[in-house]
Structure formats: C-alpha cells, structure tokens
Amino acid sequence: MKSRRNVENLLAEEAETQHWNRRKTQFQRLTSADLLDFSEITEKDLKILFTGSYQLSQAISYLAEMMNESGKIILYYLKTSENQNNTIIKILVRSKHINSKTYKCYIDYTCHSVSYSGIRRYVCDCPNGRCTVGCCSHIAAVIYYLSHARYLSKIIRPAEILSHLFTAEEVYPVINDDSDED
Ligand SMILES: [Zn+2]
C-alpha cells in the first residue's frame, strides 16, 4: 500500500477526461443480483485496505446511517467501463449531513478477484476523495457493503451497537467526527 502514497489519483483524471460526471446516463438501483463479480473481502483484509480498524468502524457506521426504516441499503450505480477483466462503477452516496449532498464514488475493480487486491483504484468527489492510501468514508462504506456487508444476514445499526456497548466484547465504536469529510 505504501507504494501508492505518491501516486497521482489516475482514476480521478480518467473520470475528468472521459467526462463521466457530465454523462447523462441512467443509474440503476443496486439489487442483490448486481455486481456479484465484486471481490468478497474479509474484515481482516478490509482493515488493511482501509488502513485500520477505526476506518473500518467508520465505514460500518456510515453504511448503517444510509439504511432506510426497513433496514435496507438503497444504492444507485452504473458501470462506466467494463471489459473481461475489470469494471469501473460509479455509485452515488448521499451525505449523512443535513445538506444531503450526493457524492460520486468511482471504483475500478478486477472481476471475480479474491481479497482486497481486486480493488484497483477508487476516487470520490468529496474533499478527501482523492487519497490513494486508505480512502474517504464514502468509498469505504461502498466497498464494505459490496465486498462484505451484503453477505451478512444483518447490518447492525449504530443504535443497536450502542445498546450492546456494555454487554458485548467485540463492538465497533460509533464515533462521528465533526469533520467536513462527509
Ligand atoms: Zn468521499
């Protein structure tokens, strides 16, 4: 991962030169039958990809807040590029703040890969979205969902985590920094 530190975010440039943001394409609602070629990643590997357990807990917390009343995650996506080996998807992530700005996340992944090595590149149009080591909370939430959470029987809501805080050992803290990150 360290080798990526000084690497320009090429996916950001590609999105700009290809005018992906301006393209008027219909987004599809993500169903359980979509993007099944996305890597399945264990929590241990997600921690490596996100550079720590704190970042993983942030992703879980962010995702839980995207849930609707019936416990469903509604995401909209489209494929901006696709070939036999890799696919680039664009996913819309609604900010959890009141202004509810929608961020555009791009993820370039190797189809049917194992582990986090299949996540080739990613970029988001939020202020922290161009990092190449670790990632912003939007990208983290999307990767966590596509690679792991949607295979779980249930995604834990932050309120439930809080209510279990004093009884369970293995609990992810729900800490929301008041940063402008999201
Ligand atoms: Zn972002």
Side-chain angles (χ1 to χ4, degrees), residues 1-2 4-23 25 27-30 34-35 38-39 41 43 45-68 72-81 86-110 116 118-150 155 157-158 172-182:
M1 297 299 283
K2 283 203 175 102
R4 290 164 75 172
R5 199 173 294 273
N6 296 313
V7 172
E8 276 287 301
N9 198 319
L10 295 174
L11 190 56
E13 280 172 26
E14 205 173 323
E16 274 161 32
T17 54
Q18 306 283 326
H19 305 300
W20 286 338
N21 279 338
R22 271 186 262 159
R23 212 182 275 176
T25 325
F27 278 79
Q28 272 178 272
R29 188 166 150 185
L30 182 73
D34 293 316
L35 307 179
F38 201 88
S39 320
I41 310 177
E43 280 199 5
D45 279 354
L46 283 170
K47 280 180 201 165
I48 299 170
L49 178 67
F50 298 159
T51 68
S53 355
Y54 174 72
Q55 286 79 1
L56 175 62
S57 73
Q58 290 280 68
I60 295 170
S61 143
Y62 204 98
L63 190 70
E65 293 194 32
M66 282 157 58
M67 225 182 251
N68 68 11
K72 287 218 168 81
I73 305 281
I74 313 286
L75 283 172
Y76 290 89
Y77 82 102
L78 67 86
K79 291 183 178 179
T80 58
S81 143
N86 72 300
T87 299
I88 301 176
I89 47 166
K90 177 177 177 180
I91 294 210
L92 302 178
V93 177
R94 178 82 60 90
S95 160
K96 57 188 179 186
H97 290 301
I98 285 161
N99 67 11
S100 59
K101 185 174 165 29
T102 299
Y103 294 112
K104 300 171 201 80
C105 300
Y106 292 95
I107 301 172
D108 178 358
Y109 66 92
T110 307
Y116 63 88
I119 309 296
R120 303 174 73 222
R121 302 177 296 173
Y122 45 78
V123 71
C124 171
D125 64 354
C126 78
N128 294 325
R130 280 179 175 240
C131 7
T132 50
V133 175
C135 53
C136 70
S137 43
H138 316 111
I139 296 276
V142 168
I143 292 179
Y144 171 68
Y145 180 67
L146 289 176
S147 68
H148 192 85
R150 64 172 164 168
I155 299 164
R157 284 171 185 273
Y172 296 102
V174 180
I175 304 159
N176 293 316
D177 283 343
D178 263 330
S179 66
D180 58 2
E181 179 181 340
D182 46 17

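Just follow the structure's listing: the first ligand is 1, and inside any ligand the first atom is 1.
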Handout entry: Expected output: side-chain Asp108 to main-chain Arg120 donor-acceptor under 3.5 Å
Key = no

Handout entry: Angle at the Zn ion (ligand 1) (to 10°), with one arm to SG of Cys136 and the other to SG of Cys126
Key = 110°

Exercise for the section: Could you check if a side-chain atom of Arg150 sits within less than 4.5 angstrom of a side-chain atom of Ile73, using non-hydrogen atoms only? Expected result: no

Practice task
Give a yes or no on whether Cys105 keeps an N, O or S atom under 2.8 Å from the Zn ion (ligand 1).
Solution key: no

Practice task
Please determine if the Zn ion (ligand 1) has an N/O/S atom from Cys124 lying under 2.8 Å away.
Solution key: yes

Completion exercise
In this structure, OG of Ser137 is separated from OH of Tyr144 (nearest 0.5 Å) by 14.5 Å

Practice task
Measuring from the Zn ion (ligand 1), name the closest N, O or S atom belonging to His138.
Solution key: ND1

Problem - Residue pair Cys131 / Cys136: nearest heavy atoms and the distance that separates them - result: SG-N, 4.2 Å

